[in-house]
Amino acid sequence: MDVKAIYMKADALLEGHFKLSSGNHSQYYLQSAKVLEDPKTAKQLAEALAVQINASALQIDTVCAPALGGLIAGFALATALDKRSIFAERVNGEMQIRRGFEIKKGERVLVCEDIITTGGSALEAARAIEALGGEVIAFAALANRGFCKRDGSSLERKENCSLPVNKPLFALADFDFEMYAPDNCPLCQAGSEAIKPGSRGN
Ligand code: ZN
């Protein structure tokens with residue numbers, strides 16, 4: 001499956017000069033919501049991801065997505081795996097399990113994002129699950145930005161990956177784009193200004 005082609009076709013892989021939510025700059029920006037606005041594509045991607053996860057023989061009870069970014073991918077993956085679908089959300093900056101979702105002691109949870117960058121939100125969701133007695137056994141995303149190590153990929157894990165080393169990350173592709181600190185960005189140095197996608201009132 002050519003995930004990059006799917007992203008490009010959906011205008012979900014933008015080229016320009018972007019300010020990422022981390023504050024870093026990049027020539028590329030991924031807008032997974034644009035891919036997932038087509039439910040058939042969401043289903044197709046989630047089913048491919050489910051094949052990988054099922055092949056690992058890991059037993060999963062529940063898929064938990066960090067809101068907002070992971071919601072659609074998480075729901076689609078839970079559907080493909082035929083597992084329970086819940087989400088974590090940020091309240092006053094802290095990732096929490098709300099909405100009456102219960103986590104049983106020892107419940108085996110997979111945390112699913114749309115894209116894993118350094119995995120910060122996914123890790124926070126994992127901690128919220130573990131605080132309630134659940135056991136986080138794996139992470140998943142449609143694509144991996146190349147900081148964390150995707151199961152089966154030849155790319156190595158980088159220092160700023162926050163996911164636990166001993167738990168697999170399942171993803172369909174590595175989108176290994178360079179990111180730059182604002183004061184060390186060649187695009188800024190060339191005189192252009194970084195824009196924040198989605199911040200123009202749309
Ligand atoms: Zn820049």
Legend entry - Main-chain N/O of Gln59 paired to Arg108 side chain as donor or acceptor, under 3.5 Å: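 A pair under 3.5 Å: yes.
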Are there more than 12 heavy atoms of other residues, nucleotides or ligands under 6.0 Å from atom [atom1] of [X]?
X: Lys158; atom1: NZ; value: yes
X: Asn92; atom1: CG; value: no
X: Asp82; atom1: CG; value: no
X: Phe147; atom1: CZ; value: yes
X: Gln189; atom1: CD; value: yes

Working to the nearest 0.5 angstrom, can you tell me the gap between [X] [atom1] and [Y] [atom2]?
X: Asp176; Y: Asn144; atom1: CG; atom2: CG; answer: 8.5 Å
X: Asp61; Y: Leu81; atom1: CG; atom2: CG; answer: 11.5 Å
X: Glu135; Y: Lys104; atom1: CD; atom2: NZ; answer: 14.5 Å
X: Arg150; Y: Leu155; atom1: CZ; atom2: CG; answer: 7.5 Å
X: Met8; Y: Glu15; atom1: CE; atom2: CD; answer: 7.0 Å
X: Thr117; Y: Met179; atom1: OG1; atom2: CE; answer: 6.5 Å

Transitively linked via ILVMFWY side-chain contacts under 4.5 Å: [X] with [Y]?
X: Leu36; Y: Phe87; value: no
X: Met95; Y: Ile86; value: no
X: Leu172; Y: Phe75; value: no
X: Val111; Y: Leu71; value: yes
X: Phe170; Y: Leu77; value: yes

Inset, instruction - Give the C-alpha distance, both sets of side-chain angles, the deciding distance and a yes or no for side-chain contact (heavy atoms from CB on, under 4.5 Å) between Leu169 and Leu163. - result: CA-CA 9 Å; Leu169 166 64; Leu163 297 183; 4.3 Å; yes
Minimum heavy-atom separation for [X] and [Y], please, with both atom names.
X: Ala88; Y: Cys64; value: N-SG, 3.8 Å
X: Val91; Y: Arg98; value: CG2-CD, 3.3 Å
X: Leu110; Y: Ala140; value: CD2-CB, 3.7 Å
X: Ile6; Y: Met1; value: CD1-CG, 3.9 Å
X: Glu102; Y: Arg84; value: O-NH2, 2.5 Å
X: Ser26; Y: Leu20; value: CB-CD1, 3.8 Å

Inset, instruction - Decide, based on the SG atoms alone, whether Cys148 and Cys161 are under 2.5 Å apart. - result: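 Judged by the SG atoms alone, which are under 2.5 Å apart, Cys161 and Cys148 are bridged.
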Inset, instruction - Please name the residue in the list Phe177, Tyr7, Phe18 that meets the ring pair (Phe, Tyr, Trp, His ring centres under 6.0 Å) test with Tyr29. - result: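 Per the ring pair (Phe, Tyr, Trp, His ring centres under 6.0 Å) rule, the option paired with Tyr29 is Phe18, out of Phe177, Tyr7, Phe18.
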Going by atom type alone, with no hydrogens or angles, which donor-acceptor pairs under 3.5 Å involve a side-chain atom of residues 46-53 and a protein atom two or more places apart or on another chain?
{"residue": "Glu47", "atom": "OE2", "partner": "Lys43", "partner atom": "NZ", "Å": "3.2"}
{"residue": "Gln52", "atom": "NE2", "partner": "Ala171", "partner atom": "O", "Å": "3.2"}

For [X], give me all partners under side-chain hydrogen bond (donor to acceptor under 3.5 Å, both in side chains), at least two apart in sequence or on another chain.
X: Asp38; answer: Thr41
X: Ser153; answer: Asp174
X: Asp151; answer: none
X: Glu89; answer: Arg99

Distance-only check: which donor-acceptor pairs under 3.5 Å involve side-chain atoms of residues 121-130, not counting sequence neighbours?
{"residue": "Ser121", "atom": "OG", "partner": "Arg90", "partner atom": "NH2", "Å": "3.2"}
{"residue": "Glu124", "atom": "OE1", "partner": "Arg90", "partner atom": "NH1", "Å": "2.7"}
{"residue": "Glu124", "atom": "OE2", "partner": "Arg90", "partner atom": "NH1", "Å": "3.3"}
{"residue": "Glu124", "atom": "OE2", "partner": "Arg90", "partner atom": "NH2", "Å": "3.3"}
{"residue": "Glu130", "atom": "OE2", "partner": "Lys167", "partner atom": "NZ", "Å": "3.4"}

Legend entry - Candidate pair Cys188 and His17, rule side-chain contact (heavy atoms from CB on, under 4.5 Å), full reasoning: CA-CA 8 Å; Cys188 285; His17 181 192; 3.5 Å; yes
Legend entry - side-chain contact (heavy atoms from CB on, under 4.5 Å) between Val109 and Ile137, intermediate numbers included: CA-CA 6 Å; Val109 181; Ile137 54 159; over 6 Å; no
Inset, instruction - Start with the C-alpha distance between Phe175 and Lys4, add both sets of side-chain angles, then the distance that settles side-chain contact (heavy atoms from CB on, under 4.5 Å), and finish with yes or no. - result: CA-CA 8 Å; Phe175 286 148; Lys4 193 170 178 183; 3.6 Å; yes
Legend entry - Under 3.5 Å side-chain donor-acceptor pair for Gln27 and Glu178: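 No, no side-chain donor-acceptor contact under 3.5 Å.
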